[in-house]
Amino acid sequence: MNYDAIGAAAALIARKTGRPQHRVAVVLGSGLAGYAASLQGAVEVPYADIPGFPLPRVEGHGGSLFSAQPGKVPVLCYSGRVHAYEGWEMDDIVFGVRTAVASGCHTIILTNAAGGAGNGLRPGDLVLLKDHINLASRNPLVGANDDRLGPRFLDMTDTYPRDLRAKAKQIAADAGVELKEGVYAWFLGPTFETPAEVRMAGRLGADLVGMSTVPEAIAARHMGAKVLGISLVANLAAGISPVPISHEEVQETAVAAHDRFTAVIDGLLKTLE
Ligand code: HPA
């Protein structure tokens with residue numbers, strides 16, 4: 001377990017940003033990284049400068065951390081993340097989130113691009129996660145537990161708290177943006193799902209399919225932080241979509257949704273305390 005590495009990364013972030021503490025962190029998903037550029041007066045810390053930080057390897061994912069104070073409290077904005085399908089260890093995948101909590105963040109906003117697997121979800125929809133299903137057979141808490149981070153056996157009942165979702169919906173509504181709600185199923189990737197896998201996920205109760213977010217949500221909750229998950233439906237999932245799924249389509253939908261996504265994240269970062 002990498003308790004000391006997390007502490008060292010948090011200390012470096014405090015030193016480089018001049019902010020001893022941050023309160024809220026947001027992780028930007030595929031094609032959504034452009035949001036970071038709109039943060040006024042942000043201090044950029046390239047991941048490469050942070051000891052122990054894994055460096056993203058996929059086109060369309062950035063690679064910097066931004067510190068800013070758009071509202072009441074200092075926030076961290078992760079532009080780019082690493083995924084299990086790139087071959088990273090679970091500890092690497094959740095390093096950023098753990099560092100954020102070690103930096104003082106009590107709320108972690110996890111965003112992603114996902115496939116719409118039912119419930120009338122359409123490309124371009126923004127969807128709050130109300131729960132998740134872990135279909136990747138991976139978990140960042142496997143291995144010796146470090147009691148300084150959190151408990152060995154972790155209750156997952158209220159990972160995406162209802163009050164935080166209600167607040168997000170209100171903030172979005174004030175900005176004229178609709179937020180739906182759904183359950184996210186984590187697949188390992190990097191293949192998109194087969195149509196049969198999407199049907200299975202739908203029958204199990206999933207509305208969204210994707211390749212991220214769940215390990216970070218687990219790690220954040222393990223350390224006692226609240227999680228808000230927001231998916232951008234980038235495409236209809238396999239078998240529901242009449243055409244094959246492409247990374248380009250995912251990126252294009254994300255870019256097209258940029259203004260609505262920005263309005264929601266902006267509202268959250270300005271309002272959360
Ligand atoms: N499946 C999994 N991950 C995704 C998808 C999808 O359809 N779209 C964007 N990320």
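Since we're looking at a predicted model, the values are computed, not measured. This chain uses plain numbering: 1 for the first residue, then up along the sequence. Start at 1 and go down the list; that is how both ligands and their atoms are numbered.
For the residue pair D147/N145, the side-chain donor-acceptor check at 3.5 Å is satisfied.
Partner of Y160 under the side chain to side chain donor-acceptor pair (under 3.5 Å) criterion, out of H132, R221, K130, R165: H132 alone. For the side chain to side chain contact (heavy atoms under 4.5 Å, CB included) with V264, the lone residue among I230, I109, L128, I171 that qualifies is I230.
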message: Could you go through H22 and S67, starting from their C-alpha distance and side-chain angles, then the distance that decides it, and tell me whether this counts as side-chain hydrogen bond (donor to acceptor under 3.5 Å, both in side chains)?
response: CA-CA 8 Å; H22 292 81; S67 162; 2.8 Å; yes
message: Evaluate V94 against H222 for side chain to side chain contact (heavy atoms under 4.5 Å, CB included), listing each step before the verdict.
response: CA-CA 11 Å; V94 301; H222 186 230; over 6 Å; no
Pairs of nitrogen or oxygen atoms, one from ligand 1 and one from the protein, closer than 3.5 Å: please tabulate them with distances.
unit_1: ligand 1; atom_1: 1 (N); unit_2: E193; atom_2: OE1; d: 2.7
unit_1: ligand 1; atom_1: 1 (N); unit_2: E193; atom_2: OE2; d: 3.3
unit_1: ligand 1; atom_1: 7 (O); unit_2: N235; atom_2: ND2; d: 2.9
unit_1: ligand 1; atom_1: 8 (N); unit_2: N235; atom_2: OD1; d: 2.6
unit_1: ligand 1; atom_1: 10 (N); unit_2: A113; atom_2: O; d: 3.2

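Y78 and F53 have parallel rings, their planes meeting at less than 30° on a 0 to 90° scale where 60° marks the start of perpendicular.
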